[in-house]
2 protein chains.
Amino acid sequence: MTQTSLSPAPSSAPTAPEEATRVAVSTVIFTLRRDPLDDQTVVLPLVRRTRDPHEGLWALPGGWLNPTESLDAAASRTLAETTGIAPSYLEQLYAFGAVDRSPARVVSIVYWALVRPDEIPNDVVENVSWFDAAELPRLAFDHNEIVEYALWRLRNKVGYSRIAHGLLADAFTLAELREVYESILGRRLDPANFRRQVENSGTLIPTDRFRTGSHRPARLYRYNQDVELADRGPLVVRH
Amino acid sequence: MTQTSLSPAPSSAPTAPEEATRVAVSTVIFTLRRDPLDDQTVVLPLVRRTRDPHEGLWALPGGWLNPTESLDAAASRTLAETTGIAPSYLEQLYAFGAVDRSPARVVSIVYWALVRPDEIPNDVVENVSWFDAAELPRLAFDHNEIVEYALWRLRNKVGYSRIAHGLLADAFTLAELREVYESILGRRLDPANFRRQVENSGTLIPTDRFRTGSHRPARLYRYNQDVELADRGPLVVRH
DNA sequence: TCAAAAGTGTTGTCGATACACCCATGG
DNA sequence: CCATGGGTGTATCGACAACACTTTTGA
């Protein structure tokens, strides 16, 4: 009746190793890719399982938590090992721990990440493939549900935060940034109002370079690193 | 190189039971209490540790994750066991997993909760005490940091969500509700504007009863259960 | 010179704030 | 009748959406 957090609790402690709950770390990684109609769509990498359970199905990249590494470090490591990606943005999403989500008892700490297209390694990694986030096949475990939640968080966060630059290269035009917002939110935005909003937010620094195309050149902007280290709360993922 | 989430990973798997990472569940429970100056203040229950590590220090209520229960269930169970509280609002906060946060390797899934004063059992539970959230002593493990984060989330969420009723009894006056907001946000709110805001939000149902006091009686309101089941995303804690 | 995208100006609406004011009750 | 909190009315401000308009380029 006075059992305290983290104190030994003999009655509920596992008595044999095979009964032990294990901790896994997985990551939902988003990036943008042009579809055949030249629209940006949200895509994510999945790994084909090579053993049971769910052999042959696609699953989120991840792995077991190493006893000597933090959760953040485990997310980065398993991500690099399975996909070769080192994301520009990485944040904890949720801990999934339903009893029947896997044959063995597994608690998964799930992260979500944004990567810029130029951060994706060119060499094709075996058993890794990229999928349109809106048209996923049946995934292993509860990973469909996890991706849905990650997408909800992405759309939510893009509304009040300025994380869209995590999907763009260093320098970008306002039209490119707007296209990112449009593809995530799933609706068109007024170019004039969008310009004023981001200009007034103080998160962008105009450069003196321009993207020259088939029409009037557009100014290139950089992201202002100094802002928005405050609104994420006391917790920040250190790299 | 093709290791997939949740697949067996012999190299990183624990070889002996004592090396295994263990999963704990803790909860930060908030409620309001009148201080000597008759102001509402945010308070939370802590449990005094009766064994090492950190014997004698105060810690968040919690316990080990049982192999046959979900994370949500473990939060409810450990909460009831250590404090006797069954909160009206319970939501996962964050998973803490720094390597050095405990002598043994422990990953804590932390929840946060709101309780109404009438939900708190009258019988005093041994080794449990309530503390002003703004004036905590040094706590066991990283629990000071965890409470700070929970407070940040509480203040944040009260701004865009309507969870304040989780701290009030079934029926309440607008002044009482406003006082909850004021104590959480730490600033005074205009009574007239506050009234309009909550009235327009559609979250309150006026009753035909009044709270009679020393002056003009104030109408009692109930919370509208039908609202805001949408803005919490695909994940909801079921009771 | 024309199409198309970059970029600017203007207006209306809506919600939040500030604050003046009236209402109802206990003492 | 008066002090006090309950409750209403209203002017102002700023954020945002809608959209007309000008500018600059490649073809």
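So you know, we letter chains A, B, ... as the sequences are listed, proteins then strands, and number each from 1. Just the heavy atoms: all of them, side chains too, but no hydrogens, waters or symmetry mates, feed the values below.
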### Task
Establish whether the base of C/dA18 is bridged to the side chain of B/Asn193 by a donor-acceptor pair shorter than 3.5 Å.
yes
### Query
Atom CD of B/Glu179 to atom C1' of D/dG5: distance rounded to whole Å?
13 Å
### Query
To the nearest angstrom, how far is B/Leu189 atom CG from C/dT17 atom C1'?
11 Å
#### Entry: Side-chain donor/acceptor of A/His143 to backbone N/O of A/Leu60, under 3.5 Å
yes
### Query
Within the distance-only criterion (no hydrogens, no angle test), does the side chain of A/Thr41 pair as donor or acceptor with the backbone N or O of A/Arg33 below 3.5 angstrom?
yes
### Query
Separation of A/Arg196 atom CZ from C/dA6 atom C1', in whole Å?
13 Å
### Message
What is the distance, to the nearest angstrom, from the CZ atom on A/Arg188 to the P atom on C/dA5?
### Response
10 Å
### Query
Over how many whole Å does the gap from A/Arg219 atom CZ to D/dT23 atom P extend?
17 Å
### Message
I'd like to know if A/Arg216 reaches the base of C/dA6 with its side chain, counting only an N/O donor and acceptor under 3.5 Å.
### Response
yes
### Task
Write down the distance between CD (A/Glu176) and P (C/dA5), rounded to a whole number of angstrom.
14 Å
### Polar side-chain atom of B/Tyr111 near backbone of B/Asp72 as donor-acceptor pair, under 3.5 Å
yes
### Message
Go nucleotide by nucleotide along DNA chain D from the 5' end; which of A/Gly213 and A/Gln197 gets its closest nucleotide reached first?
### Response
A/Gln197
### Task
Quickly work out the A/Asp190 CG to C/dA6 P distance and round it to whole Å.
13 Å
### Task
State whether the side chain of B/Ser183 and the backbone N or O of B/Val180 hold a donor-acceptor pair below 3.5 Å, judged by distance alone.
yes
### Message
Side chain of B/His215, heavy atoms from C-beta onward: which of C/dT25, D/dA17, C/dA5 has the nearest atom to it?
### Response
C/dT25
### Query
Over how many whole Å does the gap from A/Phe194 atom CZ to C/dA5 atom P extend?
17 Å
### Query
NA contact type, B/Ala175, heavy-atom cut-off 4.0 Å: base, sugar-phosphate, or nothing?
sugar-phosphate
## Note on the structure
For A/Leu177 and A/His165 the tightest heavy-atom approach is CD1-N, 4.5 Å
### Query
Taking the side chain of A/Arg195 as heavy atoms from C-beta outward, which of C/dT25, D/dA17, C/dG7 is closest to it?
C/dG7
